[in-house]
Amino acid sequence: MHLRALLEISNYCSQDCHYCGLRRGNANLKRYRMGPDEIVATARQAAALGYGTCVLQAGEDPALDRETIAGIVRRVKAETPMAVTLSLGERPEADYACWREAGADRYLLKIETTDPHLFARLRPGRRLEQRVACLLALRRLGYEVGSGFMVGLPGQTIESLAGDLEFLRDLPCDMAGIGPFIPHPGTPLGQAAVGDLDLSLGCLALARLLLPRSNLAATTATASLHPEGRQRALAAGANVIMPNVSPEHLRPHYEIYPGKLMPQGSMAEYRKAVEALIAACGRTVGTGRGDARGRCV
Ligand code: SAH
Ligand code: SF4
């Protein structure tokens with residue numbers, strides 16, 4: 001099992017995705033943006049606890065411009081031995097190139113759904129082809145590429161989920177996150193049904209078979225829906241957990257969906273709790289960066 005320190009650096013977002021609580025149309029969210037010094041200091045703390053990777057995630061925040069992110073990546077790479085994963089949404093290829101040059105190792109960009117109509121309906125102003133083009137650009141630039149999708153989006157079909165799995169296989173992705181959709185009341189999908197956990201775990205198990213060498217996450221959404229969601233995801237084939245290392249006072253504001261599993265207490269205490277969960281499942285925590293083990297296709 002690989003552990004990735006997940007740091008949510010900003011909840012500002014210029015996008016209005018119908019499923020997400022960070023959407024710009026949600027006026028009931030206290031917005032925050034961490035400063036570069038705070039980000040680097042938190043990353044150093046994560047490295048000191050033994051994390052081999054830190055993931056810097058945010059909404060599509062225009063204030064996190066090309067140079068700001070490049071500077072942060074350079075500092076984290078210079079001051080820690082960690083791999084750096086970015087998850088900052090769809091950006092111009094020149095941004096991705098600059099960050100790669102600054103030392104970023106991996107990029108996470110879920111495709112969300114490969115149904116082009118559903119995609120366009122749920123992500124106003126955006127198209128599926130653009131997001132695919134981003135993933136291909138990231139791959140060309142030499143990033144380890146992560147993707148994934150949500151299970152149970154209103155209007156999603158079993159056929160389109162099969163298409164999502166084939167997409168991950170064909171990309172192919174080095175890492176993937178697959179988890180249930182959880183409705184957020186402050187969004188247009190607030191009244192929709194919650195995604196089926198068993199169907200989501202079934203998709204994860206199929207992804208494990210299709211991508212035997214890829215890193216597959218036990219997503220926070222899975223953990224949030226069921227007290228043993230993480231254990232069940234491990235049993236279905238997940239080999240990655242991404243413990244939240246955001247500063248405690250900011251954690252509640254990164255509310256992508258309600259009821260999100262959140263660490264209580266310090267970063268060190270939470271890491272211990274996750275290590276204990278992994279040990280109880282009969283698995284061991286990997287050391288080092290936990291790079292993808294080469295491509296299977
Ligand atoms: N802004 C970036 C990264 C932050 S969103 C981006 O959009 O890529 C991180 C992930 O949260 C998304 O990729 C999506 O899969 C997930 N997500 C958003 N809303 C969700 C919801 N209501 N239920 C479950 N997952 C959700
Ligand atoms: Fe913004 Fe990402 Fe949420 Fe869409 S999913 S509203 S891009 S944070």
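We're numbering straight along the sequence, starting at 1. All ligand and atom numbering here is 1-based and tracks the order in the structure.
Proximity annotation for atom 24 (C) of ligand 1: of Gly190, Pro180, Gly59, Gly179, Pro180 comes nearest, heavy atoms only. Of all the listed residues (Ile256, Leu108, Leu189), Ile256 holds the heavy atom that lies closest to atom 5 (S) of ligand 1.
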What pairs of donor and acceptor atoms, side-chain ones from residues 81-88 against any protein atom, are under 3.5 angstrom apart with sequence neighbours left out?
{"residue": "Ser87", "atom": "OG", "partner": "Gln57", "partner atom": "NE2", "Å": "3.3"}
{"residue": "Ser87", "atom": "OG", "partner": "Leu108", "partner atom": "O", "Å": "3.2"}

Mind listing the side-chain donor-acceptor pairs of residues 275-287 below 3.5 Å, one per line with the distance, residues two or more places apart or on another chain?
{"residue": "Glu275", "atom": "OE2", "partner": "Arg271", "partner atom": "NE", "Å": "2.9"}
{"residue": "Glu275", "atom": "OE2", "partner": "Arg271", "partner atom": "NH2", "Å": "3.2"}
{"residue": "Arg283", "atom": "NH1", "partner": "Leu234", "partner atom": "O", "Å": "3.2"}
{"residue": "Arg283", "atom": "NH2", "partner": "Ala238", "partner atom": "O", "Å": "2.9"}

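For residues 165-216, no pair satisfies ring-ring contact (aromatic ring centres under 6.0 Å, His included), with sequence neighbours left out.
Of the protein's heavy atoms, none falls inside 4.0 Å of atom 2 (Fe) of ligand 2.
Glu101 CD: 12 or fewer foreign heavy atoms inside a 6.0 Å radius.
When each of Gln15, Glu90, His18 is tested with Arg123 by the rule side chain to side chain donor-acceptor pair (under 3.5 Å), just one qualifies, namely Glu90.
Atom OG1 of Thr113 is separated from atom CG of Leu153 by 6.5 Å, given to the nearest 0.5 angstrom. Here the CG-CZ distance, from Asp16 to Arg24, works out to 4.5 Å after rounding to the nearest 0.5 Å.
Applying the 4.0 Å criterion to heavy atoms of Lys110 picks out, from ligand 1, the atoms 13 (O), 15 (O). Close approach of ligand 1 to Arg131 (heavy-atom distance below 4.0 Å) involves ligand atoms 6 (C), 7 (O), 8 (O). Atoms of ligand 1 lying under 4.0 Å from any heavy atom of Tyr254, numbered from 1 in the order shown and given with element: 4 (C). Every atom of ligand 1 is numbered from 1 in the order shown, and the set under 4.0 Å from a heavy atom of Ala58 is 1 (N), 2 (C), 3 (C), 4 (C).
Of the N or O atoms in Tyr257, none lie within a sub-3.5 Å distance of an N or O in ligand 1. The shortest N or O to N or O distance between Gln57 and ligand 1 is not below 3.5 Å. Note: an N/O pair closer than 3.5 Å links Ile182 and ligand 1 by distance alone.
Neither the backbone nor the side chain of His184 has any atom closer than 4.0 Å to an atom of ligand 1 (non-hydrogen atoms only).
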Go through the steps to decide whether Arg289 and Glu144 satisfy the test salt bridge (Lys or Arg N to Asp or Glu O under 4.0 Å), and finish with yes or no. CA-CA 12 Å; Arg289 295 167 26 129; Glu144 269 188 37; 5.4 Å; no
Quick one: do Arg126 and Glu60 satisfy salt bridge (Lys or Arg N to Asp or Glu O under 4.0 Å)? Show the steps, please.
CA-CA 13 Å; Arg126 288 283 167 83; Glu60 289 195 18; 2.9 Å; yes
#### Entry: Worked check of salt bridge (Lys or Arg N to Asp or Glu O under 4.0 Å) between Asp61 and Arg33
CA-CA 9 Å; Asp61 179 357; Arg33 180 180 302 116; 2.6 Å; yes
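A distance-only check finds a donor-acceptor pair linking the side chain of Arg131 to the backbone of Lys110 [under 3.5 Å].
Listed by chain and number, the protein atoms of type N/O/S under 2.8 Å from atom 4 (Fe) of ligand 2 are Cys17 SG; waters are omitted.
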